[in-house]
Amino acid sequence: FLDAARTLARSGVDFLALCSNTSHQYASRLEVEVGLPLVHIADATADEIKRHGFEVVGLLGTSRTMEDSFLKDRLSERHGLHVLTPSAADRCEIDRYIFDEMVRGTFSDDARRQVGRMCLELSNAGAQAIILGCTELPVLMRNFKSDVPLLDSTSLHAKAIVDSALT
């Protein structure tokens, strides 16, 4: 990532973007070491969350996205949001679905049911919206009816990147 970002910087780009949630684990280092602003997926998602007036959100994604601090801390420290994640067992389960099925193009009814259950549990725990923090999750949950909004962080991020490119 660092070599690619440095190459882009030398070519004259105005900003950087990492096009997945999990790759944002490198975001802070890239910003510091390359010296270019980065359109951060957490910021784009937080803007939408705050636009709706939500303060408590659930976060679904890979285990790394849900367990490491790179996304949760940015959402909480920079944007004042309280972030909920599923239980450890559910984090392992969703990670398994993502890497054993979804990245291979399989979006099973079982995965949809289990992720739907996790959405309901996060909602019952106080989440006012659920961040679908993995590229495959919006595809899986496309027609799922949820009691709370399901936020596609990938789409929100793409829109923020376009906005940055046009300004």
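Computed over heavy atoms, backbone and side chain alike; hydrogens, waters and symmetry mates excluded. Worth saying up front: this structure is predicted, and the values here are computed from it rather than measured.
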Verify same cluster id: Phe54, Val83 (apolar side-chain graph, 4.5 Å): yes
Exercise: identify the closest heavy-atom pair between Glu93 and Gln114: OE2-CG, 3.4 Å
Nearest atoms (heavy-atom pairs only) where Pro86 meets Arg91: O-NH1, 2.7 Å
Shared hydrophobic cluster, Ile98 / Phe144 (ILVMFWY, side-chain heavy atoms < 4.5 Å): yes
From OG (Ser20) to CD1 (Ile41), nearest 0.5 Å: 7.0 Å
Short N-O contact, Arg6 and Glu33, less than 4.0 angstrom: yes
Name every donor-acceptor pair, under 3.5 Å, that has one atom in a side chain of residues 160-167 and the other anywhere in the protein, sequence neighbours excluded.
unit_1	atom_1	unit_2	atom_2	d
Ser164	OG	Ala160	O	3.1
Thr167	OG1	Asp163	O	3.2
Thr167	OG1	Ser164	O	3.2

Can you give me every donor-acceptor pair (side chain of residues 145-153, partner residue at least two apart or in another chain, under 3.5 Å) with its distance?
unit_1	atom_1	unit_2	atom_2	d
Ser146	OG	Val148	N	3.2
Ser146	OG	Val148	O	2.7
Asp152	OD1	Thr154	N	3.0
Asp152	OD1	Ser155	N	3.1
Asp152	OD2	Ser155	OG	2.8
Ser153	OG	Asn21	OD1	3.3
Ser153	OG	Asn21	ND2	3.0
Ser153	OG	Leu132	O	3.1

Point-to-point distance, once rounded to the nearest 0.5 Å, from OG of Ser76 to NE2 of His82: 9.5 Å
Met66-Met102 co-clustered via ILVMFWY side chain contacts under 4.5 Å: yes
Nearest heavy atoms of Arg64 and Phe70, plus distance in Å: O-CE2, 3.6 Å
Polar contact flag, side-chain donor to acceptor under 3.5 angstrom, Thr65-Thr22: yes
Salt-bridge contact Asp90-Arg117 (side-chain N to carboxylate O under 4.0 Å): yes
Residue pair Gly61 / Cys134: nearest heavy atoms and the distance that separates them: CA-CB, 3.9 Å
From Asp110, Leu140, Leu137, residue fulfilling side chain to side chain contact (heavy atoms under 4.5 Å, CB included) relative to Tyr97: Asp110
Common cluster, Phe15/Val13, ILVMFWY with side-chain heavy-atom separation under 4.5 Å: no
Atom NZ of Lys50 with >12 non-hydrogen neighbours under 6.0 angstrom: yes
Test salt bridge (Lys or Arg N to Asp or Glu O under 4.0 Å) applied to Arg96 - qualifying residues, sequence neighbours left out: none
From OG (Ser69) to CG (Leu71), nearest 0.5 Å: 9.5 Å
Least distance between heavy atoms, Ala27 atom then Leu38 atom: CB-CD2, 3.9 Å
Rounded distance [0.5 Å steps], CG in Leu30 versus NE2 in His40: 10.0 Å
Arg74 to His79 - nearest heavy-atom pair and separation: O-CD2, 3.4 Å
Cluster check Val103, Leu18: I/L/V/M/F/W/Y, side chain < 4.5 angstrom: no
